[in-house]
Number of protein chains: 2
Amino acid sequence: MRTRTENVANSLRDGILQGRYPAGYHLQETPLSEEMDVSRTPVRAALAALAAEGLLDYVPKRGYSVRGFSLAEVEATYEIRANLEGMACRLAAERGLDAATCRKLEELLAWGDAILAHGTLRAEDQDDWMDMNNRFHRGLIDAAGNRVLLDLIERTYSIPLASSRVVHWYDYFAIKGSHDLHRRVFDYVRDGRGVNAEAAMREHILQAIDQIRDRLEPAGADNVVVLNAHPIAAGGRDAG
Amino acid sequence: MRTRTENVANSLRDGILQGRYPAGYHLQETPLSEEMDVSRTPVRAALAALAAEGLLDYVPKRGYSVRGFSLAEVEATYEIRANLEGMACRLAAERGLDAATCRKLEELLAWGDAILAHGTLRAEDQDDWMDMNNRFHRGLIDAAGNRVLLDLIERTYSIPLASSRVVHWYDYFAIKGSHDLHRRVFDYVRDGRGVNAEAAMREHILQAIDQIRDRLEPAGADNVVVLNAHPIAAGGRDAG
DNA sequence: TCCGCCAGTCATGTATACATGAAATTTCAG
DNA sequence: CTGAAATTTCATGTATACATGACTGGCGGA
(Lines give C-alpha, C1' and ligand atoms only; values in the text may rest on other atoms or scores of the structure.)
Protein backbone atom coordinates (compact mmCIF):
# COMPACT_ATOMS: atom_id res chain seq x y z
CA MET A 1 0.00 0.00 0.00
CA ARG A 2 1.63 3.16 -1.15
CA THR A 3 -0.81 6.04 -1.31
CA ARG A 4 -3.55 6.90 1.15
CA THR A 5 -6.06 6.64 -1.64
CA GLU A 6 -5.17 2.98 -2.03
CA ASN A 7 -5.35 2.37 1.70
CA VAL A 8 -8.78 3.91 1.92
CA ALA A 9 -9.98 2.01 -1.14
CA ASN A 10 -8.76 -1.29 0.30
CA SER A 11 -10.33 -0.56 3.62
CA LEU A 12 -13.66 0.35 2.07
CA ARG A 13 -13.57 -2.66 -0.22
CA ASP A 14 -13.05 -4.95 2.75
CA GLY A 15 -15.92 -3.30 4.56
CA ILE A 16 -18.23 -3.74 1.62
CA LEU A 17 -17.28 -7.35 0.87
CA GLN A 18 -17.60 -8.26 4.54
CA GLY A 19 -21.00 -6.64 4.66
CA ARG A 20 -20.03 -4.01 7.20
CA TYR A 21 -21.58 -1.48 4.84
CA PRO A 22 -24.91 -2.93 3.72
CA ALA A 23 -26.31 -2.63 0.22
CA GLY A 24 -27.76 0.82 -0.29
CA TYR A 25 -25.69 2.39 2.47
CA HIS A 26 -24.76 5.97 1.65
CA LEU A 27 -21.03 6.43 2.01
CA GLN A 28 -20.35 10.07 2.86
CA GLU A 29 -16.99 11.65 2.41
CA THR A 30 -16.66 13.65 5.59
CA PRO A 31 -17.55 10.90 8.09
CA LEU A 32 -15.30 8.44 6.27
CA SER A 33 -12.42 10.89 6.19
CA GLU A 34 -12.77 11.37 9.96
CA GLU A 35 -12.97 7.63 10.65
CA MET A 36 -9.91 6.96 8.55
CA ASP A 37 -8.07 10.04 9.72
CA VAL A 38 -7.31 11.43 6.28
CA SER A 39 -8.69 14.35 4.33
CA ARG A 40 -11.64 14.11 1.99
CA THR A 41 -9.37 14.04 -1.05
CA PRO A 42 -8.14 10.43 -0.84
CA VAL A 43 -11.60 9.33 0.32
CA ARG A 44 -13.16 10.86 -2.78
CA ALA A 45 -10.58 9.20 -5.00
CA ALA A 46 -11.15 5.84 -3.33
CA LEU A 47 -14.92 6.11 -3.67
CA ALA A 48 -14.55 6.93 -7.36
CA ALA A 49 -12.28 3.92 -7.80
CA LEU A 50 -14.71 1.57 -6.08
CA ALA A 51 -17.59 2.93 -8.14
CA ALA A 52 -15.54 2.22 -11.25
CA GLU A 53 -14.95 -1.31 -9.99
CA GLY A 54 -18.69 -1.72 -9.80
CA LEU A 55 -19.00 -1.95 -6.02
CA LEU A 56 -20.68 1.42 -5.58
CA ASP A 57 -23.39 3.38 -7.31
CA TYR A 58 -22.69 7.01 -8.02
CA VAL A 59 -25.02 9.89 -8.79
CA PRO A 60 -23.51 13.32 -9.39
CA LYS A 61 -24.13 15.73 -6.52
CA ARG A 62 -25.62 12.91 -4.48
CA GLY A 63 -22.67 10.71 -3.80
CA TYR A 64 -21.88 7.04 -3.51
CA SER A 65 -23.94 4.15 -2.17
CA VAL A 66 -23.15 0.48 -1.75
CA ARG A 67 -24.40 -1.55 -4.66
CA GLY A 68 -26.37 -4.72 -4.18
CA PHE A 69 -26.36 -7.81 -6.33
CA SER A 70 -29.19 -10.19 -7.06
CA LEU A 71 -28.68 -13.93 -7.12
CA ALA A 72 -29.25 -13.81 -10.89
CA GLU A 73 -26.39 -11.35 -11.19
CA VAL A 74 -24.07 -13.50 -9.13
CA GLU A 75 -24.94 -16.51 -11.26
CA ALA A 76 -24.42 -14.54 -14.45
CA THR A 77 -21.05 -13.43 -13.12
CA TYR A 78 -19.91 -17.02 -12.71
CA GLU A 79 -21.17 -17.95 -16.14
CA ILE A 80 -19.26 -15.03 -17.63
CA ARG A 81 -16.15 -15.90 -15.69
CA ALA A 82 -16.40 -19.43 -16.97
CA ASN A 83 -16.51 -18.14 -20.53
CA LEU A 84 -13.70 -15.65 -20.06
CA GLU A 85 -11.31 -17.89 -18.17
CA GLY A 86 -12.09 -20.69 -20.58
CA MET A 87 -11.17 -18.37 -23.40
CA ALA A 88 -7.98 -17.41 -21.58
CA CYS A 89 -7.00 -21.08 -21.36
CA ARG A 90 -7.69 -21.57 -25.05
CA LEU A 91 -5.53 -18.58 -25.95
CA ALA A 92 -2.80 -19.73 -23.59
CA ALA A 93 -2.83 -23.17 -25.18
CA GLU A 94 -2.67 -21.69 -28.68
CA ARG A 95 0.16 -19.42 -27.66
CA GLY A 96 2.08 -22.04 -25.73
CA LEU A 97 3.43 -21.93 -22.19
CA ASP A 98 6.96 -20.70 -21.66
CA ALA A 99 9.19 -22.84 -19.45
CA ALA A 100 8.98 -20.57 -16.41
CA THR A 101 5.18 -20.42 -16.47
CA CYS A 102 4.97 -24.14 -16.97
CA ARG A 103 7.17 -24.76 -13.97
CA LYS A 104 5.29 -22.27 -11.83
CA LEU A 105 1.93 -23.87 -12.61
CA GLU A 106 3.32 -27.32 -11.85
CA GLU A 107 4.53 -26.07 -8.49
CA LEU A 108 1.10 -24.68 -7.72
CA LEU A 109 -0.47 -28.02 -8.59
CA ALA A 110 1.99 -29.74 -6.26
CA TRP A 111 1.02 -27.26 -3.57
CA GLY A 112 -2.60 -28.25 -4.05
CA ASP A 113 -1.68 -31.92 -3.84
CA ALA A 114 0.05 -31.25 -0.55
CA ILE A 115 -2.96 -29.49 0.94
CA LEU A 116 -5.31 -32.29 -0.09
CA ALA A 117 -2.93 -35.02 1.03
CA HIS A 118 -4.41 -34.94 4.53
CA GLY A 119 -7.57 -36.48 3.17
CA THR A 120 -9.71 -33.92 4.94
CA LEU A 121 -10.26 -30.17 4.90
CA ARG A 122 -8.44 -28.44 7.73
CA ALA A 123 -9.55 -24.92 8.52
CA GLU A 124 -5.96 -23.72 8.74
CA ASP A 125 -5.39 -24.73 5.13
CA GLN A 126 -8.15 -22.57 3.74
CA ASP A 127 -6.05 -19.45 3.22
CA ASP A 128 -3.31 -21.48 1.60
CA TRP A 129 -5.80 -23.04 -0.73
CA MET A 130 -7.25 -19.67 -1.65
CA ASP A 131 -3.78 -18.33 -2.32
CA MET A 132 -2.83 -21.32 -4.44
CA ASN A 133 -6.10 -21.18 -6.32
CA ASN A 134 -5.79 -17.48 -7.11
CA ARG A 135 -2.22 -17.85 -8.30
CA PHE A 136 -3.09 -20.80 -10.49
CA HIS A 137 -5.96 -19.01 -12.20
CA ARG A 138 -3.97 -15.85 -12.54
CA GLY A 139 -1.04 -17.73 -14.01
CA LEU A 140 -3.19 -19.17 -16.75
CA ILE A 141 -4.81 -15.83 -17.48
CA ASP A 142 -1.43 -14.16 -17.75
CA ALA A 143 -0.30 -16.92 -20.08
CA ALA A 144 -3.04 -15.85 -22.49
CA GLY A 145 -1.16 -12.59 -22.91
CA ASN A 146 -4.27 -10.50 -23.41
CA ARG A 147 -4.81 -7.61 -21.06
CA VAL A 148 -8.35 -6.88 -22.19
CA LEU A 149 -9.28 -10.38 -21.15
CA LEU A 150 -7.44 -9.98 -17.87
CA ASP A 151 -9.26 -6.73 -17.11
CA LEU A 152 -12.68 -8.19 -17.72
CA ILE A 153 -11.93 -11.30 -15.66
CA GLU A 154 -10.69 -9.18 -12.78
CA ARG A 155 -13.90 -7.27 -12.94
CA THR A 156 -15.90 -10.46 -12.47
CA TYR A 157 -13.85 -11.09 -9.34
CA SER A 158 -14.95 -7.81 -7.86
CA ILE A 159 -18.56 -8.92 -7.50
CA PRO A 160 -19.00 -9.83 -3.83
CA LEU A 161 -20.04 -13.47 -3.90
CA ALA A 162 -17.87 -14.14 -6.91
CA SER A 163 -14.84 -12.63 -5.25
CA SER A 164 -11.65 -14.61 -5.34
CA ARG A 165 -11.70 -14.53 -1.55
CA VAL A 166 -14.79 -16.62 -1.43
CA VAL A 167 -13.86 -20.26 -1.05
CA HIS A 168 -16.49 -22.90 -0.54
CA TRP A 169 -14.45 -24.82 1.92
CA TYR A 170 -16.84 -27.38 3.31
CA ASP A 171 -16.79 -30.39 1.03
CA TYR A 172 -13.56 -32.33 0.59
CA PHE A 173 -14.72 -34.02 -2.58
CA ALA A 174 -15.78 -30.76 -4.19
CA ILE A 175 -12.37 -29.27 -3.50
CA LYS A 176 -10.69 -32.44 -4.67
CA GLY A 177 -12.71 -32.30 -7.87
CA SER A 178 -11.65 -28.71 -8.36
CA HIS A 179 -8.05 -29.68 -8.02
CA ASP A 180 -8.39 -32.53 -10.47
CA LEU A 181 -9.85 -30.13 -13.00
CA HIS A 182 -6.96 -27.75 -12.39
CA ARG A 183 -4.62 -30.50 -13.36
CA ARG A 184 -6.58 -31.41 -16.45
CA VAL A 185 -6.74 -27.80 -17.53
CA PHE A 186 -3.02 -27.49 -17.11
CA ASP A 187 -2.31 -30.66 -19.08
CA TYR A 188 -4.51 -29.48 -21.94
CA VAL A 189 -2.92 -26.04 -22.01
CA ARG A 190 0.58 -27.44 -21.90
CA ASP A 191 -0.23 -29.84 -24.73
CA GLY A 192 -1.65 -27.06 -26.89
CA ARG A 193 -5.17 -28.48 -26.83
CA GLY A 194 -6.97 -25.18 -26.60
CA VAL A 195 -10.52 -26.36 -27.11
CA ASN A 196 -10.17 -28.99 -24.42
CA ALA A 197 -8.54 -26.56 -22.04
CA GLU A 198 -11.36 -24.12 -22.56
CA ALA A 199 -14.01 -26.74 -21.89
CA ALA A 200 -12.29 -28.02 -18.77
CA MET A 201 -11.89 -24.55 -17.30
CA ARG A 202 -15.51 -23.74 -18.07
CA GLU A 203 -16.61 -26.88 -16.31
CA HIS A 204 -14.40 -26.05 -13.35
CA ILE A 205 -15.85 -22.58 -12.84
CA LEU A 206 -19.45 -23.48 -13.59
CA GLN A 207 -19.32 -25.94 -10.70
CA ALA A 208 -18.99 -23.01 -8.37
CA ILE A 209 -22.45 -21.79 -9.31
CA ASP A 210 -24.00 -24.90 -7.84
CA GLN A 211 -22.05 -24.40 -4.64
CA ILE A 212 -23.25 -20.82 -4.39
CA ARG A 213 -26.82 -21.82 -5.05
CA ASP A 214 -26.70 -24.67 -2.56
CA ARG A 215 -25.47 -22.29 0.07
CA LEU A 216 -27.84 -19.44 -0.61
CA GLU A 217 -31.16 -21.06 -1.31
CA PRO A 218 -31.57 -22.95 1.93
CA ALA A 219 -30.54 -19.85 3.85
CA GLY A 220 -32.88 -17.66 1.86
CA ALA A 221 -31.65 -14.87 -0.35
CA ASP A 222 -32.47 -12.21 2.20
CA ASN A 223 -29.83 -13.62 4.49
CA VAL A 224 -27.17 -12.39 2.14
CA VAL A 225 -26.17 -8.85 2.71
CA VAL A 226 -25.01 -8.10 -0.77
CA LEU A 227 -28.29 -9.01 -2.37
CA ASN A 228 -31.23 -6.74 -3.09
CA ALA A 229 -29.85 -3.37 -3.94
CA HIS A 230 -31.24 -0.10 -2.66
CA PRO A 231 -29.44 2.59 -4.64
CA ILE A 232 -29.70 6.13 -3.31
CA ALA A 233 -33.31 7.09 -3.80
CA ALA A 234 -34.65 10.58 -4.22
CA GLY A 235 -36.03 11.72 -0.90
CA GLY A 236 -33.64 10.13 1.54
CA ARG A 237 -30.30 11.79 1.94
CA ASP A 238 -28.95 9.25 4.40
CA ALA A 239 -31.13 6.45 3.18
CA GLY A 240 -29.74 3.04 3.64
CA MET B 1 -22.83 17.24 -19.00
CA ARG B 2 -23.27 18.36 -15.43
CA THR B 3 -19.96 18.48 -13.62
CA ARG B 4 -16.61 19.69 -14.92
CA THR B 5 -15.17 16.30 -14.17
CA GLU B 6 -17.57 14.77 -16.68
CA ASN B 7 -16.80 17.43 -19.27
CA VAL B 8 -13.09 16.82 -18.96
CA ALA B 9 -13.55 13.05 -19.08
CA ASN B 10 -15.66 13.28 -22.22
CA SER B 11 -13.21 15.61 -23.85
CA LEU B 12 -10.26 13.37 -23.04
CA ARG B 13 -12.14 10.28 -24.16
CA ASP B 14 -12.85 11.87 -27.52
CA GLY B 15 -9.22 12.85 -27.87
CA ILE B 16 -8.05 9.34 -27.13
CA LEU B 17 -10.56 7.58 -29.38
CA GLN B 18 -9.81 9.98 -32.21
CA GLY B 19 -6.12 9.37 -31.78
CA ARG B 20 -5.29 12.95 -30.85
CA TYR B 21 -3.42 11.52 -27.89
CA PRO B 22 -1.34 8.61 -29.20
CA ALA B 23 -0.81 5.37 -27.35
CA GLY B 24 1.77 5.85 -24.65
CA TYR B 25 1.24 9.59 -24.43
CA HIS B 26 1.74 10.84 -20.90
CA LEU B 27 -1.28 12.90 -19.86
CA GLN B 28 -0.15 15.40 -17.27
CA GLU B 29 -2.55 17.12 -14.95
CA THR B 30 -1.26 20.67 -15.03
CA PRO B 31 -1.04 21.11 -18.82
CA LEU B 32 -4.47 19.54 -19.26
CA SER B 33 -6.00 21.73 -16.59
CA GLU B 34 -4.60 24.81 -18.36
CA GLU B 35 -5.82 23.67 -21.78
CA MET B 36 -9.28 22.98 -20.44
CA ASP B 37 -9.34 26.01 -18.19
CA VAL B 38 -10.22 24.17 -15.01
CA SER B 39 -8.24 23.28 -11.91
CA ARG B 40 -6.30 20.08 -11.49
CA THR B 41 -9.04 18.57 -9.33
CA PRO B 42 -11.57 17.69 -12.05
CA VAL B 43 -8.73 16.70 -14.38
CA ARG B 44 -7.45 14.23 -11.82
CA ALA B 45 -10.94 12.81 -11.32
CA ALA B 46 -11.43 12.47 -15.07
CA LEU B 47 -8.09 10.74 -15.53
CA ALA B 48 -8.93 8.30 -12.77
CA ALA B 49 -12.28 7.61 -14.39
CA LEU B 50 -10.72 6.95 -17.79
CA ALA B 51 -8.11 4.69 -16.23
CA ALA B 52 -10.94 2.74 -14.60
CA GLU B 53 -12.63 2.46 -17.99
CA GLY B 54 -9.46 0.90 -19.28
CA LEU B 55 -8.41 3.68 -21.63
CA LEU B 56 -5.42 4.80 -19.59
CA ASP B 57 -2.61 3.14 -17.69
CA TYR B 58 -1.88 4.43 -14.22
CA VAL B 59 1.19 4.08 -12.04
CA PRO B 60 1.16 5.71 -8.60
CA LYS B 61 3.36 8.77 -8.39
CA ARG B 62 3.97 8.59 -12.14
CA GLY B 63 0.60 9.40 -13.60
CA TYR B 64 -1.55 8.38 -16.52
CA SER B 65 -0.63 7.35 -20.06
CA VAL B 66 -2.75 6.43 -23.04
CA ARG B 67 -3.16 2.71 -23.33
CA GLY B 68 -2.62 0.91 -26.60
CA PHE B 69 -4.40 -2.16 -27.86
CA SER B 70 -3.05 -4.97 -30.00
CA LEU B 71 -5.06 -6.45 -32.83
CA ALA B 72 -5.34 -9.63 -30.76
CA GLU B 73 -6.93 -7.61 -27.97
CA VAL B 74 -9.41 -5.97 -30.31
CA GLU B 75 -10.35 -9.36 -31.72
CA ALA B 76 -10.73 -10.81 -28.24
CA THR B 77 -12.94 -7.89 -27.34
CA TYR B 78 -15.32 -8.69 -30.16
CA GLU B 79 -15.37 -12.35 -29.27
CA ILE B 80 -16.19 -11.46 -25.68
CA ARG B 81 -18.86 -9.02 -26.76
CA ALA B 82 -20.39 -11.71 -28.92
CA ASN B 83 -20.56 -14.02 -25.91
CA LEU B 84 -21.91 -11.41 -23.56
CA GLU B 85 -24.52 -9.90 -25.84
CA GLY B 86 -25.52 -13.39 -26.92
CA MET B 87 -26.01 -14.23 -23.27
CA ALA B 88 -28.04 -11.05 -22.81
CA CYS B 89 -30.35 -12.10 -25.62
CA ARG B 90 -30.78 -15.52 -24.11
CA LEU B 91 -31.66 -14.05 -20.73
CA ALA B 92 -34.03 -11.56 -22.35
CA ALA B 93 -35.77 -14.37 -24.19
CA GLU B 94 -36.08 -16.44 -21.02
CA ARG B 95 -37.40 -13.45 -19.15
CA GLY B 96 -39.75 -12.30 -21.88
CA LEU B 97 -40.12 -8.88 -23.47
CA ASP B 98 -42.61 -6.47 -21.99
CA ALA B 99 -44.94 -4.74 -24.42
CA ALA B 100 -43.15 -1.40 -24.36
CA THR B 101 -39.75 -2.92 -25.08
CA CYS B 102 -41.21 -5.08 -27.81
CA ARG B 103 -42.73 -2.04 -29.50
CA LYS B 104 -39.56 -0.02 -29.14
CA LEU B 105 -37.44 -2.72 -30.74
CA GLU B 106 -39.90 -3.08 -33.58
CA GLU B 107 -39.71 0.63 -34.21
CA LEU B 108 -35.94 0.46 -34.31
CA LEU B 109 -36.12 -2.36 -36.84
CA ALA B 110 -38.46 -0.28 -38.97
CA TRP B 111 -36.00 2.59 -38.71
CA GLY B 112 -33.30 0.28 -40.06
CA ASP B 113 -35.59 -0.81 -42.88
CA ALA B 114 -36.11 2.82 -43.83
CA ILE B 115 -32.37 3.54 -43.93
CA LEU B 116 -31.69 0.51 -46.12
CA ALA B 117 -34.68 1.16 -48.39
CA HIS B 118 -32.54 3.37 -50.62
CA GLY B 119 -30.71 0.30 -51.82
CA THR B 120 -27.36 1.98 -51.25
CA LEU B 121 -25.33 3.41 -48.37
CA ARG B 122 -25.60 7.17 -48.18
CA ALA B 123 -22.98 8.91 -46.07
CA GLU B 124 -25.61 11.08 -44.43
CA ASP B 125 -27.34 8.00 -43.08
CA GLN B 126 -24.33 6.72 -41.19
CA ASP B 127 -25.01 8.58 -37.94
CA ASP B 128 -28.64 7.50 -38.02
CA TRP B 129 -27.60 3.92 -38.52
CA MET B 130 -25.14 4.10 -35.66
CA ASP B 131 -27.80 5.59 -33.42
CA MET B 132 -30.35 2.96 -34.37
CA ASN B 133 -27.81 0.18 -33.96
CA ASN B 134 -26.75 1.34 -30.50
CA ARG B 135 -30.32 1.69 -29.31
CA PHE B 136 -31.26 -1.73 -30.61
CA HIS B 137 -28.37 -3.46 -28.90
CA ARG B 138 -28.91 -1.51 -25.72
CA GLY B 139 -32.60 -2.30 -25.75
CA LEU B 140 -31.90 -6.01 -25.84
CA ILE B 141 -29.28 -5.78 -23.13
CA ASP B 142 -31.63 -3.85 -20.89
CA ALA B 143 -34.28 -6.48 -21.51
CA ALA B 144 -31.95 -9.04 -19.95
CA GLY B 145 -32.38 -7.16 -16.67
CA ASN B 146 -28.89 -7.91 -15.42
CA ARG B 147 -26.68 -4.98 -14.54
CA VAL B 148 -23.52 -7.00 -14.15
CA LEU B 149 -23.90 -8.11 -17.73
CA LEU B 150 -24.62 -4.56 -18.83
CA ASP B 151 -21.51 -3.25 -17.09
CA LEU B 152 -19.23 -5.79 -18.69
CA ILE B 153 -20.70 -5.24 -22.14
CA GLU B 154 -20.28 -1.48 -21.78
CA ARG B 155 -16.69 -2.08 -20.91
CA THR B 156 -16.12 -3.93 -24.17
CA TYR B 157 -17.48 -0.87 -25.95
CA SER B 158 -14.84 1.32 -24.40
CA ILE B 159 -12.03 -0.36 -26.32
CA PRO B 160 -11.17 1.99 -29.18
CA LEU B 161 -11.75 -0.09 -32.29
CA ALA B 162 -14.63 -1.93 -30.66
CA SER B 163 -16.32 1.32 -29.69
CA SER B 164 -19.97 1.67 -30.48
CA ARG B 165 -19.03 4.70 -32.56
CA VAL B 166 -17.15 2.58 -35.04
CA VAL B 167 -19.38 1.63 -37.92
CA HIS B 168 -18.03 -0.22 -40.90
CA TRP B 169 -20.10 1.69 -43.37
CA TYR B 170 -18.74 0.70 -46.74
CA ASP B 171 -20.52 -2.46 -47.84
CA TYR B 172 -24.28 -2.36 -48.40
CA PHE B 173 -24.66 -6.10 -48.21
CA ALA B 174 -22.73 -6.36 -44.96
CA ILE B 175 -24.98 -3.75 -43.39
CA LYS B 176 -28.05 -5.40 -44.89
CA GLY B 177 -26.89 -8.73 -43.44
CA SER B 178 -26.46 -7.07 -40.06
CA HIS B 179 -29.96 -5.76 -40.20
CA ASP B 180 -31.40 -9.13 -41.17
CA LEU B 181 -29.69 -10.65 -38.16
CA HIS B 182 -31.11 -7.94 -35.96
CA ARG B 183 -34.54 -8.96 -37.08
CA ARG B 184 -33.86 -12.64 -36.52
CA VAL B 185 -32.47 -11.95 -33.06
CA PHE B 186 -35.56 -9.95 -32.21
CA ASP B 187 -37.92 -12.65 -33.46
CA TYR B 188 -36.14 -15.30 -31.41
CA VAL B 189 -36.15 -13.18 -28.29
CA ARG B 190 -39.80 -12.27 -28.67
CA ASP B 191 -40.70 -15.92 -29.17
CA GLY B 192 -38.78 -16.97 -26.08
CA ARG B 193 -36.24 -19.00 -28.04
CA GLY B 194 -33.24 -18.11 -25.93
CA VAL B 195 -30.68 -20.48 -27.39
CA ASN B 196 -31.48 -19.37 -30.92
CA ALA B 197 -31.40 -15.72 -29.96
CA GLU B 198 -28.02 -16.21 -28.35
CA ALA B 199 -26.59 -17.92 -31.42
CA ALA B 200 -27.93 -15.30 -33.81
CA MET B 201 -26.53 -12.42 -31.77
CA ARG B 202 -23.17 -14.16 -31.52
CA GLU B 203 -23.09 -14.59 -35.27
CA HIS B 204 -24.03 -10.96 -35.76
CA ILE B 205 -21.22 -9.61 -33.61
CA LEU B 206 -18.58 -12.05 -34.73
CA GLN B 207 -19.07 -10.80 -38.28
CA ALA B 208 -17.62 -7.50 -37.17
CA ILE B 209 -14.27 -9.12 -36.47
CA ASP B 210 -13.85 -9.95 -40.13
CA GLN B 211 -14.64 -6.39 -41.08
CA ILE B 212 -12.08 -5.07 -38.61
CA ARG B 213 -9.46 -7.48 -39.88
CA ASP B 214 -10.18 -6.69 -43.51
CA ARG B 215 -9.71 -3.04 -42.80
CA LEU B 216 -6.60 -3.27 -40.68
CA GLU B 217 -4.47 -5.85 -42.34
CA PRO B 218 -4.13 -4.23 -45.75
CA ALA B 219 -3.38 -0.90 -44.11
CA GLY B 220 -0.84 -2.44 -41.76
CA ALA B 221 -1.28 -2.47 -38.06
CA ASP B 222 1.08 0.45 -37.56
CA ASN B 223 -1.38 2.66 -39.31
CA VAL B 224 -3.70 2.35 -36.42
CA VAL B 225 -3.00 4.74 -33.66
CA VAL B 226 -4.45 2.70 -30.86
CA LEU B 227 -2.28 -0.30 -31.49
CA ASN B 228 1.11 -1.08 -29.97
CA ALA B 229 1.10 0.29 -26.48
CA HIS B 230 3.97 2.14 -24.94
CA PRO B 231 3.04 2.47 -21.27
CA ILE B 232 5.05 4.90 -19.19
CA ALA B 233 8.50 3.38 -19.01
CA ALA B 234 11.05 3.94 -16.31
CA GLY B 235 13.48 6.49 -17.59
CA GLY B 236 11.31 8.84 -19.58
CA ARG B 237 9.19 11.21 -17.63
CA ASP B 238 7.56 12.83 -20.65
CA ALA B 239 7.85 9.77 -22.81
CA GLY B 240 5.25 9.94 -25.53
C1' DT C 1 -55.65 19.98 5.53
C1' DC C 2 -52.87 20.11 1.60
C1' DC C 3 -49.92 21.99 -1.80
C1' DG C 4 -46.22 24.85 -3.32
C1' DC C 5 -42.86 28.31 -2.56
C1' DC C 6 -38.89 29.95 -0.04
C1' DA C 7 -34.82 30.14 2.66
C1' DG C 8 -31.57 27.25 5.42
C1' DT C 9 -28.50 23.42 5.83
C1' DC C 10 -25.16 20.47 4.44
C1' DA C 11 -22.88 17.13 1.15
C1' DT C 12 -20.60 17.22 -2.92
C1' DG C 13 -17.81 19.83 -6.57
C1' DT C 14 -13.89 22.77 -7.36
C1' DA C 15 -9.77 25.65 -6.60
C1' DT C 16 -5.49 26.17 -4.56
C1' DA C 17 -1.53 25.67 -1.45
C1' DC C 18 1.60 22.60 0.41
C1' DA C 19 4.00 17.74 0.93
C1' DT C 20 6.17 13.95 -1.03
C1' DG C 21 9.00 11.34 -3.74
C1' DA C 22 10.67 9.96 -8.38
C1' DA C 23 13.39 11.37 -12.33
C1' DA C 24 16.88 14.43 -14.22
C1' DT C 25 20.87 17.02 -13.52
C1' DT C 26 24.96 18.28 -11.44
C1' DT C 27 28.92 17.49 -8.92
C1' DC C 28 32.77 15.14 -7.32
C1' DA C 29 35.77 11.12 -6.53
C1' DG C 30 38.40 7.74 -8.88
C1' DC D 1 36.61 10.46 -18.80
C1' DT D 2 33.48 7.43 -16.12
C1' DG D 3 30.32 6.40 -12.58
C1' DA D 4 27.88 7.17 -8.60
C1' DA D 5 26.05 10.08 -5.05
C1' DA D 6 23.94 14.45 -3.85
C1' DT D 7 21.06 18.04 -5.40
C1' DT D 8 17.54 20.03 -8.00
C1' DT D 9 13.37 19.92 -10.32
C1' DC D 10 8.75 19.13 -10.88
C1' DA D 11 4.61 16.00 -11.31
C1' DT D 12 1.72 13.74 -8.42
C1' DG D 13 -0.46 13.12 -3.62
C1' DT D 14 -2.85 15.42 0.07
C1' DA D 15 -5.10 18.98 2.90
C1' DT D 16 -8.11 22.66 3.17
C1' DA D 17 -11.06 26.57 1.95
C1' DC D 18 -14.65 28.04 -0.78
C1' DA D 19 -18.65 27.35 -4.41
C1' DT D 20 -22.58 25.07 -5.85
C1' DG D 21 -26.78 22.95 -5.72
C1' DA D 22 -29.85 19.28 -3.74
C1' DC D 23 -32.67 17.95 0.16
C1' DT D 24 -35.19 19.84 4.40
C1' DG D 25 -38.32 22.29 6.97
C1' DG D 26 -41.11 26.14 7.67
C1' DC D 27 -44.25 29.46 5.95
C1' DG D 28 -48.21 31.13 3.48
C1' DG D 29 -52.01 30.56 0.36
C1' DA D 30 -55.78 27.76 -1.39
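Numbers restart at 1 for each chain; the letters A, B, ... are given by sequence-line order, proteins then strands.
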(message) From CZ of Arg44(B) over to P of dA15(D), roughly how many Å is that when rounded to an integer?
(response) 12 Å

(message) Measure CZ/Arg4(A) against C1'/dA19(C) and give the value in whole Å, please.
(response) 9 Å

(message) With a 4.0 Å limit, can you tell me whether Tyr58(B) has a side-chain N or O closer than that to the phosphate oxygens OP1/OP2 of dA11(D)?
(response) no

(request) Select base, sugar-phosphate, or nothing to describe what Leu27(B) touches, counting heavy atoms under 4.0 Å on all strands. (result) sugar-phosphate

(request) Determine whether more than 12 heavy atoms belonging to other residues, nucleotides or ligands lie under 6.0 Å from atom CZ of Arg190(B). (result) yes

(message) Please determine whether a side-chain nitrogen or oxygen atom of His26(A) lies at a distance below 4.0 Å from atom OP1 or OP2 of dT12(C).
(response) yes

(message) Can you identify which nucleotide, out of dT12(D), dA15(C), dA15(D), has its nearest atom closest to the Thr30(B) side chain?
(response) dT12(D)

(message) Take a 6.0 Å sphere around CG of Asp98(A) and say whether it holds more than 12 heavy atoms from other residues, nucleotides or ligands.
(response) yes

(request) Please check the phosphate of dG13(C) (OP1 and OP2 only) for any side-chain N or O of Tyr64(A) closer than 4.0 Å. (result) no

(request) Measure from CD on Glu29(B) to P on dT14(C) and round the result to the nearest Å. (result) 15 Å

(message) Nearest whole Å is fine: how far is dT14(D) P from Glu34(A) CD?
(response) 18 Å

(message) Nearest whole Å is fine: how far is dA11(C) P from Leu47(A) CG?
(response) 14 Å

(message) Could you walk me through whether Asp142(A) and Lys104(A) satisfy the salt bridge (charged side-chain N to carboxylate O under 4.0 Å, His left out) test, starting with their C-alpha distance in whole Å, then the side-chain angles of each, then the deciding distance to 0.1 Å, before giving a yes or no?
(response) CA-CA 12 Å; Asp142(A) 285 343; Lys104(A) 190 183 72 180; 5.2 Å; no

(request) Using whole Å, report how far CD of Glu6(A) lies from P of dT12(D). (result) 15 Å

(request) Determine the minimum heavy-atom distance between Ala92(A) and Leu140(A), stating which atoms define it. (result) CB-O, 4.0 Å

(request) Mind calculating the distance between CG (Leu32(B)) and P (dC10(D)) to the nearest angstrom? (result) 18 Å

(request) Return the 5'-most residue of the pair Lys61(A), Val38(A) with respect to DNA chain D, ranking by each residue's nearest nucleotide. (result) Val38(A)

(request) Using only side-chain N and O atoms of Thr5(A), determine if any of them is under 4.0 Å from OP1 or OP2 of dT14(D). (result) yes

(message) So, OP1 or OP2 of dT14(D): does either fall under 4.0 Å of a side-chain N or O from Thr41(A)?
(response) no

(request) Taking only the side-chain nitrogens and oxygens of Arg40(B), find out if one of them lies under 4.0 Å from OP1 or OP2 of dT16(C). (result) no

(request) Hey, can you tell me if His182(A) and Phe136(A) have their rings parallel, tilted or perpendicular (30° and 60° cut-offs)? (result) parallel

(request) Using whole Å, report how far CD of Gln28(A) lies from P of dT9(C). (result) 18 Å

